[in-house]
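Down below is the structure, laid out as structure tokens.
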Amino acid sequence: MDLLKLLYFLTLVSTGVVAKHADLEVYWKSKLPNSPMPKAVRDIVRNGKPPGVGSFSVRPDISPLKIYKYIAHYSPTEDQLHYHQKVTAFFLKKDLHRGSSVNMQFIESVNDTPAFLPRQVADSTPFSSKSVPEILNKFSVNPHSAQAEAIKKTIAECEEPAIEGEDKYCATSLESMVDFTTSKLGKNVLAFSNEAPKNAGKIQKYGIVDVSKLNNDKAIVDDELVACHKQNYVYAVFYCHSFQNIDAYMVNLVGSDGAKVKAVVVCHKDTSSWDPRHLAFQLLKVKPGTVPICHFLPGDHIVWVPKH
């Protein structure tokens, strides 16, 4: 970081435009004393870049990072279908066990991942389609850039109505993400995300070493689960939604090159409302509502479950 950017960063921190990582870690411990901070949050808290210090990276839709948006209504392009045929984008629950193998890549958070804004700053910052010109001007984003298109797309997706059985919320601060999650699951929750080494970004075969269930198997009623997905935006924004009829697992894997990864898998037990053209059905050759379907979560996404 050059001198001008360093001075700009220090100014943003001192004026409260970006959240200080020490304050966010204290906040997390006070609100969620029983849940260690997952890597996806920890990376942003400790390494997130404030708006204006470099441009944020726009992740391509062809990657598995957009899997959650395929739930229920998604018909892939030829390029996306070709990409997902190379990786284990979706798989059957019966194949989630020790000894199975998958083709995957586990992408680390980018170096210029945007920082969290303090809640009071985020709440007073416009976040709507009608305010896009003001947002682009405020954060000095070129209206004709890929970043501008990503901002428009993220806001539009946040404004879309929820699908059947989903309760959704776009969290523009760490505090608002914690509030949404605890409003759905209660205050005694645990948060999980992937843990992968830097050399896990290539597509390779991984063997499953063991599988641990994260949500409660013994509950009389299916536990609700909240998933929060990092968005392409100028500061940290997460698309959070709650579901039922879904199970979450922590899976330990070892790659063909010896890389060790801990990854979150979610399995959807009821796919009867999904679009018959959904990518999962094309890849797995099954029909909606017939079998549970699973997928890995991307590295900068988070799953929340009630502690049991």
Side-chain angles (χ1 to χ4, degrees), residues 1-32 35-59 65 107-128 131-132 134-142 145-148 150-155 157-158 169-181 191 193-195 198 228-240 298-302 304:
M1 184 183 296
D2 61 33
L3 180 59
L4 288 177
K5 288 183 177 180
L6 177 60
L7 291 174
Y8 180 70
F9 172 79
L10 293 175
T11 300
L12 291 176
V13 171
S14 65
T15 56
V17 176
V18 294
K20 300 176 184 177
H21 73 80
D23 292 343
L24 290 179
E25 289 184 354
V26 169
Y27 167 81
W28 181 279
K29 289 178 181 178
S30 68
K31 289 289 186 178
L32 304 168
S35 178
M37 184 180 284
K39 186 177 186 298
V41 175
R42 195 168 65 243
D43 285 350
I44 300 173
V45 167
R46 297 180 181 177
N47 304 315
K49 302 298 187 293
V53 180
S55 59
F56 65 96
S57 294
V58 178
R59 302 224 183 193
L65 297 171
I107 302 172
E108 277 282 282
S109 298
V110 293
N111 292 330
D112 60 351
T113 188
F116 285 111
L117 294 186
R119 184 173 198 159
Q120 65 272 23
V121 175
D123 288 349
S124 62
T125 300
F127 189 82
S128 67
S131 299
V132 165
E134 181 183 353
I135 295 167
L136 299 182
N137 181 64
K138 180 180 180 69
F139 294 106
S140 301
V141 177
N142 184 333
S145 65
Q147 285 78 15
I151 288 171
K152 295 174 188 176
K153 187 174 182 180
T154 289
I155 292 175
E157 289 168 347
C158 286
Y169 175 74
C170 278
T172 57
S173 66
L174 177 62
E175 297 92 334
S176 61
M177 178 165 58
V178 170
D179 280 355
F180 174 78
T181 300
S193 67
N194 296 351
E195 300 269 353
K198 294 186 182 298
C228 292
H229 312 281
K230 182 73 162 50
Q231 301 298 288
N232 281 323
Y233 206 69
V234 68
Y235 53 87
V237 171
F238 281 81
Y239 179 114
C240 297
D300 54 2
H301 297 197
I302 308 156
W304 306 74

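Between Phe180 and Phe238, the ring center distance fails the sub-6.0 Å criterion.
Evaluation of the side chain to side chain donor-acceptor pair (under 3.5 Å) rule for Lys31 yields no partner, not counting sequence neighbours. Under the side chain to side chain donor-acceptor pair (under 3.5 Å) criterion, Asp179 pairs with Arg119, sequence neighbours left out. With sequence neighbours left out, the side chain to side chain contact (heavy atoms under 4.5 Å, CB included) criterion links Asn137 to no other residue. Among residues two or more places apart in sequence or in another chain, the side chain to side chain donor-acceptor pair (under 3.5 Å) test is passed with Ser145 by none. Partners of Glu134 by salt bridge (Lys or Arg N to Asp or Glu O under 4.0 Å), not counting sequence neighbours: none found. Qualifying side chain to side chain donor-acceptor pair (under 3.5 Å) partners for Ser176, counting only residues two or more places apart in sequence or in other chains: Ser173.
Scanning both residues, Ile302 and Pro38, for their nearest heavy atoms gives CG2-CG, 4.2 Å. Closest of all the heavy-atom pairs between His301 and Lys230 is CD2-N, 3.5 Å.
Here the side chains of Tyr235 and Val121 are not in contact, with every heavy-atom distance at 4.5 Å or above. Two residues are said to be in side-chain contact when any heavy atoms from C-beta on lie closer than 4.5 Å; Phe127 and Thr125 fail this criterion. Pro51 is listed as a side-chain neighbour of Leu117, based on a closest heavy-atom distance under 4.5 Å. In this structure the side chain of Glu25 reaches within 4.5 angstrom of the side chain of Val45, judged on heavy atoms. Contact of the Met177 side chain with the Leu174 side chain is registered, since non-hydrogen atoms from C-beta on lie closer than 4.5 Å. Looking at heavy atoms from C-beta onward, Asp300 lies out of side-chain contact with Thr113 at the 4.5 angstrom threshold.
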Take Ile151 and Ile135 through the side-chain contact (heavy atoms from CB on, under 4.5 Å) test and state the conclusion after the steps.
CA-CA 9 Å; Ile151 288 171; Ile135 295 167; 4.3 Å; yes

Pair Cys228-Cys240, disulfide bond (SG atoms under 2.5 Å apart): steps then yes or no:
CA-CA 4 Å; Cys228 292; Cys240 297; 2.1 Å; yes

Walk me through whether Glu175 and Leu24 qualify under side-chain contact (heavy atoms from CB on, under 4.5 Å).
CA-CA 9 Å; Glu175 297 92 334; Leu24 290 179; 4.1 Å; yes

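At distances below 3.5 Å, at least one donor-acceptor pair connects side-chain atoms of Ser35 with backbone N or O atoms of Ala191. The backbone N or O of Val178 lies less than 3.5 Å from no partner atom in the side chain of Trp304, so there is not a single donor-acceptor pair.
The distance from atom CZ of Arg42 to atom CE of Met37, rounded to the nearest 0.5 Å, is 8.5 Å.
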